[in-house]
Enquirer: 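The structure follows.
Since this is a predicted model, take the numbers as computed values, not measurements. Atoms considered below: every heavy atom in the structure, side chains included; atoms not considered: hydrogens, waters and symmetry mates.
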Amino acid sequence: MSHQEQQEQEIEALEAIYSEEEIQVICRDYPNIELSIELKSNQYDDPSDDDFDVSLGIEFTESYPDEIPIITLAGIEDVFSEERISESIQKLRAVAEENLGMVMVFAIVSALQDEIGDLVELKKKAKEEIKEIEKEKKEAESRKKFEGTVVTPESFREWKEKFDSERKAVIDAAEKERLANLAGRLTGRQLFLRDATLNLSDVTLIGAQDEVEIDESLFDNEELEGLDMDSDEDLDE
């Protein structure tokens with residue numbers, strides 16, 4: 001049987017195995033026969049955010065199945081690294097090498113289904129690792145809050161200066177408020193001690209007594225004689 005006949009018969013068999021949603025024959029013309037098969041990571045359980053689809057590309061060479069086909073994987077570039085995808089392709093190529101001389105697409109698809117299982121576990125593990133990293137990060141932040149800042153002589157000196165300055169400001173403000181509240185209740189002595197200008201005022205008043213002039217026309221003679229008498233008595237004393 002020629003290579004062309006083997007390839008054409010294999011395409012017919014694959015179309016009988018897989019549904020129209022799963023298989024697409026891109027080109028049927030020998031020697032450029034090309035197809036793709038869509039596989040899902042989750043075929044039975046309820047859909048989840050961890051699900052992904054894989055598109056297996058198969059391109060027959062002119063000498064297929066005596067040569068392995070060109071194998072590609074698409075649709076998972078955003079899920080796995082380029083290195084990990086290349087590793088999966090190499091596994092599929094190894095299966096193809098084991099089946100040289102025989103039609104092998106079904107064997108490659110079966111190997112890919114097993115590989116998808118490994119990829120699912122890899123994704124779950126990566127997700128758990130991310131959660132663990134986030135958990136450790138939160139715990140580290142919590143520990144940092146309790147540990148506080150390491151105190152050095154320089155940082156303590158800066159803190160002490162700031163503390164003393166703020167404390168002095170509070171004390172001064174409290175003293176001003178206290179004096180303001182007492183201002184209406186101070187005795188003459190307290191006012192005198194607080195305000196030196198009061199002392200100056202008393203001295204001024206005493207000096208002013210000697211300068212007072214008496215208008216004698218405002219008093220009777222008897223009243224004036226009484227004033228003179230009082231004045232003389234004061235002098236005698």
Enquirer: Side chain of Glu62, backbone of Asn32: donor and acceptor closer than 3.5 Å?
Expert: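 Flag not set: sc Glu62 to bb Asn32 has no pair under 3.5 Å.
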
Enquirer: Run the salt bridge (Lys or Arg N to Asp or Glu O under 4.0 Å) check on Glu98 and Arg93 step by step: do they pass?
Expert: CA-CA 9 Å; Glu98 295 173 358; Arg93 287 174 60 85; over 6 Å; no

Enquirer: We want to know whether Glu10 and Tyr64 form a side-chain donor-acceptor pair, criterion being a heavy-atom distance below 3.5 angstrom.
Expert: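 Indeed, the side chains of Glu10 and Tyr64 share at least one donor-acceptor pair under 3.5 Å.
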
Enquirer: Quick one, His3 and Ser63 - any side-chain contact, counting heavy atoms below 4.5 Å?
Expert: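 Heavy-atom side-chain distance check passes, below 4.5 Å.
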
Enquirer: Side-chain contact, heavy-atom cut-off 4.5 Å: Gln9 with Met1?
Expert: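 A side-chain contact exists here, since the closest heavy-atom pair is under 4.5 Å.
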
Enquirer: State plainly whether the residues Asp164 and Lys160 are in salt-bridge range, i.e. N to O under 4.0 Å.
Expert: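 A salt bridge is present here (some side-chain N lies under 4.0 Å from a carboxylate O).
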
Enquirer: Counting only heavy atoms not in Phe106, do more than 12 sit closer than 6.0 Å to its CZ atom?
Expert: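 No, the 6.0 Å shell around CZ holds no more than 12 heavy atoms from other groups.
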
Enquirer: Are Ile17 and Val105 connected in the hydrophobic side-chain network, where two residues link if heavy atoms are under 4.5 Å apart?
Expert: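 Yes: a chain of side-chain contacts under 4.5 Å links Ile17 to Val105.
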
Enquirer: So, for Val95 and Ala111, which heavy atoms are closest and what is the spacing to 0.1 Å?
Expert: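 Looking at all heavy atoms of both residues, the closest pair is CG2-CB, 3.7 Å.
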
Enquirer: Could you report the tightest heavy-atom contact between Ala107 and Asn99, atom names first, then the distance?
Expert: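 Reported closest heavy-atom pair: CB-ND2, 4.1 Å.
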
Enquirer: Locate the shortest heavy-atom distance separating Ser55 from Glu38; write the atom from each residue and the value.
Expert: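 Closest approach of Ser55 to Glu38: OG-OE2, 3.0 Å.
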
Enquirer: When rounded to the nearest 0.5 angstrom, what is the spacing between CZ in Arg28 and CD1 in Ile33?
Expert: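 Rounded to the nearest 0.5 Å, the CZ-CD1 separation comes to 9.0 Å.
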
Enquirer: For Ile23 and Ile37, work out which heavy atoms get closest and say how close.
Expert: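 The answer is CG1-CG1, 4.1 Å.
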
Enquirer: Does the side-chain contact (heavy atoms from CB on, under 4.5 Å) test come out yes or no for Gln24 and Leu35, once each step is laid out?
Expert: CA-CA 6 Å; Gln24 179 185 6; Leu35 68 146; over 6 Å; no

Enquirer: Please test Asp172 against Lys176 for salt bridge (Lys or Arg N to Asp or Glu O under 4.0 Å), starting from the C-alpha separation and ending with a verdict.
Expert: CA-CA 6 Å; Asp172 291 345; Lys176 287 181 180 180; over 6 Å; no

Enquirer: Can you name the ring pair (Phe, Tyr, Trp, His ring centres under 6.0 Å) partners of Tyr18, sequence neighbours left out?
Expert: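 Residues passing ring pair (Phe, Tyr, Trp, His ring centres under 6.0 Å) with Tyr18: none at all.
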
Enquirer: Are Phe52 and Phe80 near enough that their ring centres are under 6.0 Å apart?
Expert: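 Here the rings of Phe80 and Phe52 have centres that are less than 6.0 Å from each other.
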
Enquirer: Starting at CD1 of Ile26, measure out to CD1 of Ile58 and round the result to the nearest 0.5 Å.
Expert: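 One finds 10.5 Å between CD1 of Ile26 and CD1 of Ile58.
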
Enquirer: Does CD in Glu20 sit with more than 12 non-hydrogen atoms of other residues, nucleotides or ligands closer than 6.0 Å?
Expert: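 Open.
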
Enquirer: Please report the closest heavy-atom contact between Met104 and Pro65, naming both atoms and the distance.
Expert: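 Taking every non-hydrogen atom into account, CE-O, 3.6 Å.
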
Enquirer: Does a salt bridge link Arg84 with Glu115, judged by any charged N lying under 4.0 Å from a carboxylate O?
Expert: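 A salt bridge is present here (some side-chain N lies under 4.0 Å from a carboxylate O).
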
Enquirer: Strictly below 4.0 Å, N to O, side chains only: are Asp50 and Lys127 in salt-bridge contact?
Expert: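 Judged by the 4.0 Å cut-off on N to carboxylate O distance, Asp50 and Lys127 do form a salt bridge.
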
Enquirer: I need the minimum non-hydrogen distance between Val120 and Ser41, along with the two atoms involved.
Expert: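 Result for this residue pair: CG2-CB, 3.8 Å.
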
